[in-house]
Amino acid sequence: MADLSTDVRTIKGIGEQRAKSLEKLGIRTLRDLISWFPRRYEDRTILRPIAELPPDEPACCAAMVAASPSVTHVRRGMELVKLRAVDESGALDVTFFNQTWLKNNLHLGETYIFYGRAEGHGSRRKMTSPVVEPEGRREVTGRIVPVYPLTAGVSQLVLRRSIRQGLDSCADILPDILPDSVRREHYLCHVGYAFENIHFPESPEALDLARRRLAFEELFLFAIGLRRLRNRRVTVSVPPCAAVDMDIFYKSLPFTLTAAQRRCVDEALADMASGTPMNRLCQGDVGSGKTMVAAACVYYAVKNGRQAALMAPTEILAQQHYAGLAPLLEDLGIRCALLTGSTPAKAKKSVSAQLAAGQIDFAIGTHALITGGVAYANLGLVITDEQHRFGVGQRAALIAKGCRPHTLVMSATPIPRTLALILYGDLDVSVIDQLPPGRRAVETYTVPGSYHPRLYGFIRKQVSEGRQAYVVCPMVSENEDLPDERKAVTEYARMLQTQALPDLRVAFVHGKMKPREKEAVMAAFSAHETDVLVSTTVIEVGVDVPNASLMIIENAERFGLSQLHQLRGRVGRGPHQSYCVLVSDSRNEETRQRLKVMTKTSDGFKIAEEDLRLRGPGDFFGQRQHGLPGLRIADIGCDTGLLKEAQTAAAELLDADPDLTTCPAMAERVRDLFTQAADTLN
């Protein structure tokens with residue numbers, strides 16, 4: 001009998017090559033295979049007459065082949081199979097590309113189910129490359145069909161058939177790790193029913209039951225793991241920091257901190273004085289003053305005889321932090337240094353030696369802070385800016401340079417608390433929920449593509465007043481029939497420079513450029529050596545150009561709201577009124593409503609909540625957050641209530657059985673899930 005750790009190559013049809021493809025998806029065992037959940041479903045249960053097939057969405061019809069399929073050779077490597085199928089309402093002309101085997105599989109006079117997008121109107125319709133199977137088979141039609149994330153070499157059909165075999169192999173050995181009392185109290189189905197109906201749902205109701213059970217289990221395991229991590233952290237002790245007269249620091253500032261900033265500072269200092277390592281996330285909108293909270297923590301740590309380090313994701317951001325913080329802190333007797341990839345070798349060696357000797361109190365830099373040769377005399381505070389831009393290993397490497405240092409993570413991406421719990425797990429959360437007085441809101445508009453001539457005129461007007469502008473093109477994935485980001489950005493920049501704005505200085509930057517090239521382009525824009533910067537979302541983090549007053553975002557519907565808000569935060573950083581224009585020709589009503597949210601509020605937390613409500617957490621930052629294991633089925637945007645249920649149930653179980661001695665299978669699953677994360681959290 002198979003067990004869940006059995007290699008997927010035991011499944012019929014999965015040989016060495018296909019196993020290698022599946023491994024790219026992280027599928028190696030039967031457990032991995034049956035836990036590869038669909039990303040969406042297609043309801044193929046409803047049959048429509050040919051004449052009533054909707055023109056804008058895929059649908060099913062049952063039709064009889066009325067003319068034998070014919071094969072046409074269009075050119076080398078391109079063959080078309082064509083046939084006509086009919087029902088009582090009309091005729092359907094069907095074309096298949098490079099599927100010549102269908103000529104002998106689709107027989108005159110027999111009825112088949114066709115699933116695809118119909119073109120045309122009335123009783124004569126067309127359909128290109130539909131899914132097709134004989135009436136009554138019900139493998140790919142006549143049911144709710146799962147749609148899975150794929151990789152090269154693995155088709156939907158292969159994956160569905162493999163998962164079917166996998167479920168059949170281990171249906172009797174799936175462990176139900178939830179205690180019966182928890183399952184009954186929260187009205188959850190058995191695990192076998194859940195796995196069967198998440199992949200092959202009998203009905204929408206069965207799918208809902210399956211999804212609820214599996215989402216609850218996932219959130220329950222997270223809640224148990226996070227609580228145990230937190231409990232473990234409390235048992236780690238470090239020398240508590242002594243009281244420091246913070247008024248000296250506050251009076252040295254050229255402005256007064258907001259109440260929200262003071263609250264965040266107080267929360268952080270209380271952590272550092274507690275005798276256990278601080279592990280805190282400080283989040284707030286762009287311009288809310290997170291850096292000053294970090295500066296207060298640095299002052300407090302250094303006055304307690306400890307060193308501090310701040311790691312930023314880009315050189316230009318590290319330089320901006322250094323330019324802003326070093327003069328302030330050096331006036332207070334704190335010795336500062338900058339360490340980045342472009343620091344000359346001789347200077348790098350000198351800074352490293354001074355850090356090791358304790359002659360530098362505060363190091364600001366990029367990942368250069370964690371290169372092998374850099375050592376610290378007494379690193380007591382680690383600050384990471386825009387944490388989601390770093391992998392777990394980088395943050396862990398900086399923490400490892402000290403002995404259980406306090407950790408402060410800064411993020412300008414507003415995250416609803418429920419999502420912060422999952423993304424940052426073991427961190428306490430501080431929120432700066434007010435902006436400094438006098439900061440102007442960025443005026444935001446949505447316009448169709450036909451406005452481009454007016455937009456170019458507006459760019460010219462802003463530049464004539466001494467300002468600068470960004471134009472952002474969406475990132476384009478490689479499997480779409482659109483140019484890649486490099487081509488999209490360079491061609492747009494060339495068009496602006498040669499046609500629309502030949503009298504202005506236009507530059508471009510994209511993610512495929514070498515880091516040094518990107519830094520140079522951004523530095524030139526920052527120095528006002530260019531007027532217009534055409535970019536992908538690479539400028540989302542790490543450019544502070546107070547003179548930039550206009551942000552134009554092309555194909556805005558392709559971005560999440562939180563990402564649009566981050567991009568908008570690149571302007572409005574100076575004294576000038578700033579503008580953000582979202583360009584979209586989408587006619588989708590939901591998309592229009594989503595973009596409208598941006599024109600109505602500048603509150604990043606409201607936008608983040610709306611983004612979660614509309615999209616689910618998805619890829620909240622535009623790239624995957626590394627650290628805690630990813631959610632496979634739960635959706636924090638939609639499952640907030642379920643998360644609270646799971647947290648309550650987890651707390652009750654751990655209060656009664658802290659070591660999970662009565663639930664060994666669950667203890668093992670939690671251990672597996674958190675093996676990687678546990679090493680990176682204090």
Side-chain angles (χ1 to χ4, degrees), residues 229-230 233-234 236-253 255-285 287-312 321 324-325 328-329 332 334 336 361-364 378-388 390 395 398-399 402-415 417 420-421 423-436 605 681-682:
L229 278 175
R230 190 175 293 277
R233 195 184 91 205
V234 169
V236 175
S237 60
V238 294
C241 288
V244 169
D245 182 2
M246 293 300 294
D247 278 345
I248 296 171
F249 172 78
Y250 293 135
K251 286 174 181 173
S252 72
L253 300 177
F255 46 79
T256 303
L257 294 188
T258 64
Q261 285 174 302
R262 286 293 289 264
R263 185 186 68 245
C264 292
V265 171
D266 291 345
E267 289 169 351
L269 301 195
D271 288 349
M272 295 167 76
S274 69
T276 58
M278 170 170 72
N279 234 5
R280 186 165 288 278
L281 165 67
C282 176
Q283 60 165 346
D285 256 332
S288 61
K290 295 177 296 298
T291 310
M292 281 304 111
V293 173
C297 293
V298 170
Y299 180 80
Y300 186 73
V302 172
K303 292 305 173 185
N304 269 278
R306 311 290 295 276
Q307 289 172 303
L310 187 160
M311 185 163 67
H321 278 313
L325 292 175
L328 169 72
L329 293 172
L332 295 167
I334 293 173
C336 302
D361 304 308
F362 181 35
I364 299 171
N378 186 14
L379 182 61
L381 173 63
V382 165
I383 303 164
T384 51
D385 191 14
E386 294 300 341
Q387 157 68 7
H388 66 277
F390 297 107
R395 179 177 154 218
L398 183 52
I399 290 169
C403 181
R404 294 173 185 156
H406 298 290
T407 304
L408 181 68
V409 170
M410 299 193 295
S411 177
T413 307
I415 311 162
R417 277 185 184 272
L421 170 75
L423 290 176
Y424 294 104
D426 194 37
L427 276 67
D428 300 306
V429 180
S430 289
V431 177
I432 306 180
D433 49 12
Q434 66 184 121
L435 291 176
F605 290 94
L681 299 170
N682 284 328

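Keep in mind it's a predicted model, so treat the numbers as computed, not measured.
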Query raised in the report: Looking only at heavy atoms, what is the nearest atom pair of His321 and Ala312, with distance?
Result: CD2-CB, 4.2 Å

Report summary line: Contacts of Gln261 meeting side chain to side chain donor-acceptor pair (under 3.5 Å) (sequence neighbours excluded), chain-then-number -> Thr258

Query raised in the report: Is any side-chain heavy atom of Cys336 closer than 4.5 Å to a side-chain heavy atom of Ile334?
Result: yes

**Report entry** Shortest non-hydrogen contact from Leu329 toward Ala295
**Finding:** CD2-O, 4.2 Å

Query - side chain to side chain donor-acceptor pair (under 3.5 Å) partners for Thr256, two or more places apart - result: none

Report task. Can you see which heavy atom on Pro405 is nearest to which on Pro277, and at what distance? Result -> O-CB, 4.1 Å

Query raised in the report: With no hydrogens and no angle check, is any side-chain donor or acceptor of Arg263 less than 3.5 Å from a backbone partner on Val431?
Result: yes

Query raised in the report: Roughly how far apart are Leu310 CG and Thr384 OG1, rounded to 0.5 Å?
Result: 8.0 Å

Report task. State, to 0.1 Å, how close Cys297 and Ala268 come at their nearest heavy-atom pair, and which atoms those are. Result -> SG-CB, 3.5 Å

Query raised in the report: Which pair of non-hydrogen atoms, one from Thr276 and one from His406, has the smallest distance, and what is that distance?
Result: O-CE1, 3.7 Å

Report task. Would you mind listing every side-chain hydrogen bond (donor to acceptor under 3.5 Å, both in side chains) that reaches into residues 303-312, with sequence neighbours excluded? Result -> Arg306-Asn378

**Report entry** Any residue meeting side chain to side chain donor-acceptor pair (under 3.5 Å) with Asp266, in chain and number order, not counting sequence neighbours
**Finding:** none

Query - Nearest heavy atoms of Cys264 and Ser430, plus distance in Å - result: SG-CB, 3.7 Å

Requested in this report: Give a yes or no answer on whether the side chain of Lys290 reaches the backbone of Cys282 with a donor-acceptor pair at less than 3.5 Å.
Outcome: no

Per-pair distances, 0.1 Å, donor-acceptor, side chain in residues 241-252, under 3.5 Å, sequence neighbours excluded:
unit_1	atom_1	unit_2	atom_2	d
Asp245	OD1	Asp247	N	3.1
Ser252	OG	Phe249	O	2.6

Query - With Arg280 via salt bridge (charged side-chain N to carboxylate O under 4.0 Å, His left out) - residues at least two apart - result: Glu267, Asp271

**Report entry** Criterion side-chain contact (heavy atoms from CB on, under 4.5 Å) on Leu269 and Met272, from CA distance to verdict
**Finding:** CA-CA 5 Å; Leu269 301 195; Met272 295 167 76; 4.3 Å; yes

Requested in this report: Determine whether Val298 and Ile383 make a side-chain contact, defined as any pair of heavy atoms from C-beta on separated by less than 4.5 Å.
Outcome: yes

Query - Inter-residue atom distance Leu381.CG - Thr407.OG1, 0.5 Å rounding - result: 8.0 Å

Requested in this report: Report yes if the side chains of Val293 and Met410 come closer than 4.5 Å at any heavy-atom pair, otherwise no.
Outcome: no

